[in-house]
Amino acid sequence: MIDLFSGIVGQDKAVNLLKRSIATDNISHAYLLAGPAGVGKTSAAIAFAYTLLAAADSDAQIFLQDNMHPDLMIIEKPENKTLIGKDQITREMEPWLALKPFRAARKAVIIKDSSLMSLEASNAILKTLEEPPAYTVIILISDEMNLLETILSRCQVVKFFPVADGVVEEFLINRGIEPNQAHQAARLAQGSIGRALSFSQNVDFSGIWNDIKVLVDDFCRGQYATVFNAASKMQADPSLYTSMMETILRDIYIYQQTKLEQLLAIPDNIDMIKAIPEVNPEKIRIALKRINKLKKYFRTNVNSLLISTNISYEVFEALN
């Protein structure tokens with residue numbers, strides 16, 4: 001059988017743990033795959049579930065190609081909702097799990113973004129985790145370790161970590177991305193393969209960099225209207241614009257503290273970095289911390305323009 005884990009890069013420890021569980025038939029009834037967004041958790045969960053089902057179903061691959069295997073259920077937040085609701089657990093998952101496997105020896109449930117389960121949904125799934133059917137494997141995926149402690153204690157935690165920039169860059173180049181763009185996308189992605197791939201495929205990558213440089217210059221001049229101008233431009237690709245702004249703030253901080261060009265994430269920006277007046281390093285640290293919290297809201301139903309405006313305001317405050 002094809003190694004379904006082969007496309008996951010930079011997560012050898014996590015992948016080996018999951019593969020070893022299958023090889024030794026030491027399967028837990030519940031797993032939590034936890035770590036930053038875009039580092040391979042979902043791919044690993046799917047590979048793990050597919051491999052488990054295929055072990056006792058020679059035709060599993062036919063069904064799994066479209067996530068249609070009768071012994072696989074994938075639960076995620078509905079597009080029009082902010083949370084995974086209780087009904088998705090009690091009315092969809094529980095009755096399905098009550099039936100024995102149709103084709104495989106096990107049934108697998110993958111819950112994406114499990115940190116978005118409502119309190120009621122969390123309490124409902126806790127009951128299943130306490131007394132799961134013998135053939136059940138539940139795989140929770142979460143970017144944050146903020147689930148109920150009672151849920152965490154009933155799962156085998158598999159940790160995923162940011163991927164090294166060099167590994168991300170090599171991955172992009174192997175996908176046909178031009179080396180310089182691969183290098184910059186890898187630095188901007190902060191260890192996320194998913195973000196790096198998305199960034200590198202943006203056809204106007206260099207154009208957005210130029211936009212950011214102009215905006216930063218306007219921020220430094222104290223032009224408050226730039227907050228709204230920047231927020232409007234960010235709607236084209238909020239994640240990429242935010243990462244570029246974060247990277248420039250970090251590079252400003254590093255250069256003004258050390259004067260060492262070789263420490264910059266994007267050395268090509270050195271002329272702009274040198275031209276920026278001295279800023280309060282504490283304000284940059286505060287801004288970066290707040291931006292890191294704000295950008296997580298892009299994955300929710302919070303208005304994107306409102307998030308972008310707040311991020312732009314943090315950059316403006318940091319540079320003035």
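One is the number of the first residue; the rest follow in order along the sequence. Computed from a predicted model, the values in this text were never measured in an experiment.
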Residue pair Tyr224, Phe316: steps toward the ring pair (Phe, Tyr, Trp, His ring centres under 6.0 Å) verdict = CA-CA 7 Å; Tyr224 189 77; Phe316 175 85; 5.3 Å; yes
key: Single hit among Ile273, Leu263, Ile270 for side chain to side chain contact (heavy atoms under 4.5 Å, CB included) with Asp251   = Ile273
request  = Without swapping roles, check the side chain of Asp113 against the backbone of Ser115 for a donor-acceptor pair under 3.5 Å.
outcome  = no
key: Residues, nucleotides or ligands: over 12 heavy atoms within 6.0 Å of Lys259 NZ   = yes
Residue that, paired with Val109, satisfies side chain to side chain contact (heavy atoms under 4.5 Å, CB included) out of Leu97, Ile139, Ile89 = Leu97
request  = Might you confirm whether atom CD of Gln256 has over 12 heavy atoms from other residues, nucleotides or ligands at distances under 6.0 Å?
outcome  = yes
inquiry  = side chain to side chain donor-acceptor pair (under 3.5 Å), that's the test. Do Asp71 and Tyr135 meet it? Break it down for me.
reply    = CA-CA 10 Å; Asp71 295 319; Tyr135 47 77; over 6 Å; no
ask   = Is the NZ atom of Lys213 crowded by more than 12 outside heavy atoms at less than 6.0 Å?
value = yes
inquiry  = Heavy-atom count check: over 12 atoms from other residues, nucleotides or ligands less than 6.0 Å from Arg91 CZ?
reply    = no
key: Under-4.0 Å salt bridge between Arg221 and Asp217   = yes
ask   = Can you check whether Ala37's main-chain N or O pairs, donor with acceptor, with Ser192's side chain at less than 3.5 Å?
value = yes
note = With Asp12 as partner, the option from Asn16, Ile8, Val9 fulfilling side chain to side chain contact (heavy atoms under 4.5 Å, CB included) is Asn16
